[in-house]
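Contents: one structure, followed by commentary.
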Number of protein chains: 2
Amino acid sequence: MRGLSIGGLAQKSGVNLETIRYYERIGLMPKPDRTEGGHRSYEDSDIRRLSFIRRARELGFSLADIEALMALDEGGGAPCAEARSIAATHLEKIESKIADLERFRMVLKATVLKCDGKSVKGCEVLNVLDGRSPEDAD
Amino acid sequence: MRGLSIGGLAQKSGVNLETIRYYERIGLMPKPDRTEGGHRSYEDSDIRRLSFIRRARELGFSLADIEALMALDEGGGAPCAEARSIAATHLEKIESKIADLERFRMVLKATVLKCDGKSVKGCEVLNVLDGRSPEDAD
DNA sequence: GCTTGAACCCGTAGCCACTACGGATTGTAC
DNA sequence: GTACAATCCGTAGTGGCTACGGGTTCAAGC
């Protein structure tokens, strides 16, 4: 085999083999050359592209976002403003998600702390989820 | 109609009508009585159960977690310790998710700030995703 | 050159938690 | 009685993978 096998690419990029095939199927990764026997044969540029995808996924970008970012990267035009805007929008989403989670964390933490793990009735965790306010519970 | 229609339940509980049918299908909600014509007819207890589910979902519990929590709530045995443990485990998950997102946020924020939206080459957003460290980029 | 066993092929189905569709039936208000 | 909203049901689609399984190919050892 001349190029990289899909398994080799999976190792080098840190992306699951099945996921690579999935990315190819949905058009996120280009169709690679094939060996005579039909096995996929990748090049170095595929490692870079796939690593880009992996990093962006780790940062929580959707595959649609990633597609747009990669198109910008290749377009060459004046991508920076657009890339910045995609990232900024994504940043906002992440920030609001963090805020949401922080609120959940506080409720949960308070709830878990109140629950002594003994009392059968009036379990604070269940009280909260039942919509009984903590004040009612005692 | 004697009881509550599915539409009414949807309104009162704040859960989408289709979602209610889905919950019934997967066994999370009990099968309600039916009118002569076959329409679902709900009781007040269904509002409570569904509201419990909704609140738990909003706190990020999985449906499997919720099923377990509701079983504890009904079992009556010594559920508090278990409910506490489910909630505590969930709290840990949320906390690590927050930590992850915080890291993403920092990277993204730094990235967006560095990107001036003008320079065609060396766009910081794309650099980061390309795995080029910020130091290399200049 | 031959054999073995790992790697790879492909299509399909499953996961979670919904949401949407669409044609048929029922409920309800006038 | 009629019009029209609400509900019925099964099925399919969403995103982002992951798993399965039976068949083929590759690469290394002898």
Side-chain angles (χ1 to χ4, degrees), chain A residues 1-29 31-42 46 49-70 90 93-94 97 100 104, chain B residues 1-29 31-42 46 49-70 90 93-94 97 100 104:
Chain A
M1 167 160 303
R2 229 129 279 238
L4 203 56
S5 71
I6 192 169
L9 179 60
Q11 278 203 319
K12 291 216 173 192
S13 65
V15 174
N16 188 304
L17 185 151
E18 306 269 12
T19 305
I20 298 174
R21 295 208 310 116
Y22 169 70
Y23 287 164
E24 180 184 330
R25 207 156 60 238
I26 64 171
L28 198 60
M29 285 292 290
K31 300 197 173 187
D33 288 344
R34 299 279 186 149
T35 64
E36 296 215 337
H39 286 201
R40 289 169 179 80
S41 175
Y42 292 97
D46 294 310
R49 189 178 176 93
L50 201 46
S51 301
F52 183 104
I53 298 173
R54 183 180 52 72
R55 269 186 294 269
R57 285 294 298 145
E58 283 171 1
L59 285 172
F61 285 94
S62 71
L63 294 185
D65 277 349
I66 293 171
E67 202 156 15
L69 284 169
M70 289 197 302
H90 184 56
K93 279 189 220 156
I94 283 188
K97 194 159 197 173
D100 285 352
F104 302 166
Chain B
M1 166 160 304
R2 229 129 280 240
L4 204 55
S5 72
I6 191 170
L9 179 61
Q11 278 202 321
K12 291 216 173 195
S13 65
V15 173
N16 188 303
L17 184 151
E18 306 270 11
T19 306
I20 298 174
R21 294 209 311 116
Y22 168 71
Y23 287 163
E24 179 184 330
R25 207 156 61 238
I26 64 170
L28 199 60
M29 285 293 289
K31 300 197 173 188
D33 289 344
R34 298 279 184 150
T35 65
E36 294 215 337
H39 286 199
R40 290 169 179 81
S41 173
Y42 292 97
D46 294 310
R49 189 178 176 92
L50 201 47
S51 301
F52 182 103
I53 298 173
R54 184 179 52 72
R55 268 186 293 270
R57 284 295 298 144
E58 283 170 1
L59 286 172
F61 285 94
S62 71
L63 294 185
D65 278 348
I66 293 171
E67 201 156 15
L69 284 170
M70 289 196 303
H90 185 57
K93 278 188 220 157
I94 282 188
K97 194 157 199 173
D100 285 350
F104 301 166

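Every chain is numbered from 1, with letters handed out A, B, ... down the list of sequences. These numbers come from a predicted model, not from an experiment.
- Two residues are said to be in side-chain contact when any heavy atoms from C-beta on lie closer than 4.5 Å; Ser41(A) and Pro32(A) fail this criterion.
- Remark on DNA chain C: of its neighbouring residues Thr19(B) and Gly37(B), the 5'-side contact belongs to Thr19(B), judged by nearest-heavy-atom nucleotide.
- For Ala68(A), the side chain to side chain contact (heavy atoms under 4.5 Å, CB included) partners at least two apart in sequence or on another chain are Ile86(A).
- By the 4.5 Å heavy-atom criterion applied to side chains, Ile20(A) and Leu9(A) are counted as neighbours.
- For Tyr22(B), the side chain to side chain contact (heavy atoms under 4.5 Å, CB included) test picks out Arg25(B), Ile26(B), Leu63(B), with sequence neighbours left out.
- When heavy atoms are screened at a 4.0 angstrom cut-off, Phe61(B) is found touching no nucleic acid atom at all.
- Separating the CD atom of Gln11(B) from the P atom of dT7(D) is a distance of 9 Å, rounded to the nearest angstrom.
- Residues that satisfy the ring-ring contact (aromatic ring centres under 6.0 Å, His included) test with Phe61(B), not counting sequence neighbours, are His90(B).
- Across the protein-nucleic acid pair, Leu9(B) atom CG and dA6(D) atom C1' stand 14 Å apart, rounded to whole Å.
- Listed pair Thr35(A) / dC26(D) meets the phosphate criterion, a side-chain N or O lying under 4.0 Å from OP1 or OP2.
- One interatomic measurement links the two molecules: CG of Leu28(B) to C1' of dC16(C), which rounds to 13 Å at whole-angstrom precision.
- Note: CD1 (Ile53(B)) to C1' (dA17(C)) measures 12 Å, nearest angstrom.
- Taking atom CD1 of residue Ile6(B) and atom C1' of nucleotide dA6(D), one finds them 11 Å apart after rounding to whole Å.
- Distance CD1 (Ile26(B)) to P (dT19(C)): 12 Å, rounded to an integer number of Å.
- In this structure, Leu28(B) CG and Thr19(B) OG1 are separated by 11.5 Å, a value rounded to the nearest 0.5 Å.
- The residue Leu17(B) sits close only to the backbone: its heavy atoms come under 4.0 Å of sugar-phosphate atoms, none of a base.
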Name the pairs: protein N/O against N/O of nucleotides 9-12 of chain D, kept only if under 3.5 Å.
| unit_1 | atom_1 | unit_2 | atom_2 | d |
| --- | --- | --- | --- | --- |
| dC9(D) | OP1 | Arg34(B) | NH1 | 2.9 |
| dC9(D) | OP1 | Arg34(B) | NH2 | 2.9 |
| dC9(D) | OP2 | Arg40(B) | NH1 | 2.7 |
| dC9(D) | OP2 | Arg40(B) | NH2 | 2.6 |
| dG10(D) | O6 | Arg21(B) | NH2 | 3.1 |

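- Remark: Gln11(A) engages no residue in a side chain to side chain contact (heavy atoms under 4.5 Å, CB included) (not counting sequence neighbours).
- Counting only residues at least two apart or in different chains, salt bridge (charged side-chain N to carboxylate O under 4.0 Å, His left out) contacts with residues 56-70 of chain A comprise Arg54(A)-Glu58(A).
- In terms of phosphate contacts, Ser5(B) brings no side-chain nitrogen or oxygen within less than 4.0 Å of OP1 or OP2 of dG27(C).
- Atom NZ in Lys31(B) sits roughly 19 Å away from atom P in dT7(D) (whole-Å rounding).
- Put simply, CD1 on Ile66(B) is 8 Å from P on dA17(C), counting in whole angstrom units.
- Contact annotation: Tyr23(A) reaches the phosphate of dC17(D) (side-chain N/O to OP1 or OP2, under 4.0 Å).
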Show the distances under 3.5 angstrom between N or O atoms of the protein and N or O atoms of nucleotides 13-15 of chain D.
none

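- With sequence neighbours left out, the side chain to side chain donor-acceptor pair (under 3.5 Å) criterion links Glu24(B) to Arg40(B).
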